[in-house]
Amino acid sequence: MASDELAKKLQSRLAAAEEAEQNPESEQIPVPAQSHEPDHACGDTPSELATKLNRRLDINDGHAPPRSSRVFNPYTEFKEFSRKQIKDMEAMFKRYDTGKDGFIDLMELKLMMEKLGAPQTHLGLKNMIKEVDEDFDGKLSYREFLLIFRRAAAGELQEESGLMALARLSEINVSTEGVMGAKDFFEAKVQALSQSSKFEAEIREEKEERKKQEVEKKERQAAFKQLQSAFYS
């Protein structure tokens with residue numbers, strides 16, 4: 001069976017990784033790569049391999065669902081944030097999703113932290129992902145990216161952690177709120193405003209802005225037609 005073959009492969013790889021960890025001086029015997037299955041386990045520790053092994057076996061046996069591909073609405077699921085904050089975080093996520101696949105992988109996170117001025121070690125980057133990686137795929141989805149800011153706002157991140165550095169150094173503008181950090185900013189917004197009324201106010205502001213732009217566009221068109229008419233008369 002395919003599941004038995006997969007289990008044997010992963011168990012063999014796990015055993016080899018554990019032996020290498022216990023005997024660092026011994027000769028490492030590479031595991032032959034199979035053309036039909038990409039190697040996702042390079043660089044993983046035995047505990048990480050064990051987690052992936054158990055999850056894959058559960059999925060193959062029908063005991064656990066594969067990673068969910070459901071579409072979520074950030075405005076209803078992350079009500080503690082304003083529409084502008086969510087849009088800012090979405091823009092930031094897309095900026096660093098250089099592969100345009102809807103995820104921020106390890107290398108993209110590495111580039112992000114370097115550009116934010118808080119470079120991390122390889123292990124530090126893996127720990128950052130692991131802290132919010134709900135589906136154990138080793139990369140950040142947009143929802144998991146928003147979880148970073150939720151946890152920062154709730155005070156659930158260590159002050160010196162890479163995730164807190166990401167939240168604090170993000171391009172989200174907090175200067176007008178009179179606070180110095182993203183954590184204080186989010187907490188102040190949650191405490192000071194009613195989220196439902198604020199949401200409705202933002203919708204109205206967006207509609208008014210669109211109306212204003214439409215009026216200005218029509219005025220420019222009318223002025224142009226008037227000028228054109230005078231030119232040809």
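None of the values given here were measured: they were computed from a predicted structure.
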Once rounded to the nearest 0.5 Å, what's the spacing between atom [atom1] of [X] and atom [atom2] of [Y]?
X	Y	atom1	atom2	answer
Asp101	Ser141	CG	OG	11.0 Å
Leu140	Asp105	CG	CG	9.0 Å
Phe78	Leu147	CZ	CG	4.5 Å
Phe149	Leu163	CZ	CG	9.5 Å
Glu134	Arg143	CD	CZ	4.5 Å
Lys84	Glu206	NZ	CD	11.5 Å

Any idea which heavy atoms bring [X] and [Y] closest together, and the distance?
X	Y	answer
Ile148	Leu157	O-CD1, 3.7 Å
Lys139	Asp133	O-OD1, 3.7 Å
Ser170	Ala167	OG-O, 3.1 Å
Pro74	Leu146	CB-CD1, 3.8 Å

**Prompt:** Listed by chain and number, what are the salt bridge (Lys or Arg N to Asp or Glu O under 4.0 Å) partners of Arg150, not counting sequence neighbours?
**Reply:**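 If we apply the salt bridge (Lys or Arg N to Asp or Glu O under 4.0 Å) test to Arg150, skipping adjacent residues, the hits are Glu80.
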**Message:** For Glu144, give me all partners under salt bridge (Lys or Arg N to Asp or Glu O under 4.0 Å), at least two apart in sequence or on another chain.
**Reply:**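 Residues passing salt bridge (Lys or Arg N to Asp or Glu O under 4.0 Å) with Glu144: none at all.
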Per-pair distances, 0.1 Å, donor-acceptor, side chain in residues 110-120, under 3.5 Å, sequence neighbours excluded:
{"unit_1": "Lys110", "atom_1": "NZ", "unit_2": "Glu114", "atom_2": "OE2", "d": "2.6"}
{"unit_1": "Gln120", "atom_1": "NE2", "unit_2": "Ala118", "atom_2": "O", "d": "3.0"}

With a 4.5 Å limit on heavy-atom distance, are the side chains of [X] and [Y] in contact?
X	Y	value
Ile104	Thr98	no
Met92	Phe145	yes
Met164	Met128	no

**Request:** Please step through side chain to side chain contact (heavy atoms under 4.5 Å, CB included) for the pair Phe136 and Lys130, ending with a clear verdict.
**Result:** CA-CA 7 Å; Phe136 306 105; Lys130 187 184 299 184; over 6 Å; no
**Request:** Step through the shown structure and confirm whether more than 12 heavy atoms of other residues, nucleotides or ligands are within 6.0 Å of CD on Gln158.
**Result:**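 Count not over threshold, so no.
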**Item:** ring pair (Phe, Tyr, Trp, His ring centres under 6.0 Å) partners for Tyr142, two or more places apart
**Value:**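 Tyr142 satisfies ring pair (Phe, Tyr, Trp, His ring centres under 6.0 Å) with Phe72, Phe93 once adjacent residues are dropped.
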**Request:** Run the numbers on Lys126 and Glu131 for salt bridge (charged side-chain N to carboxylate O under 4.0 Å, His left out), then give the verdict.
**Result:** CA-CA 9 Å; Lys126 292 181 72 173; Glu131 197 164 347; over 6 Å; no
Run the side-chain donor-acceptor check on residues 207-215: report pairs under 3.5 Å with partners two or more places apart or on a different chain.
{"unit_1": "Glu209", "atom_1": "OE2", "unit_2": "Gln213", "atom_2": "NE2", "d": "3.4"}

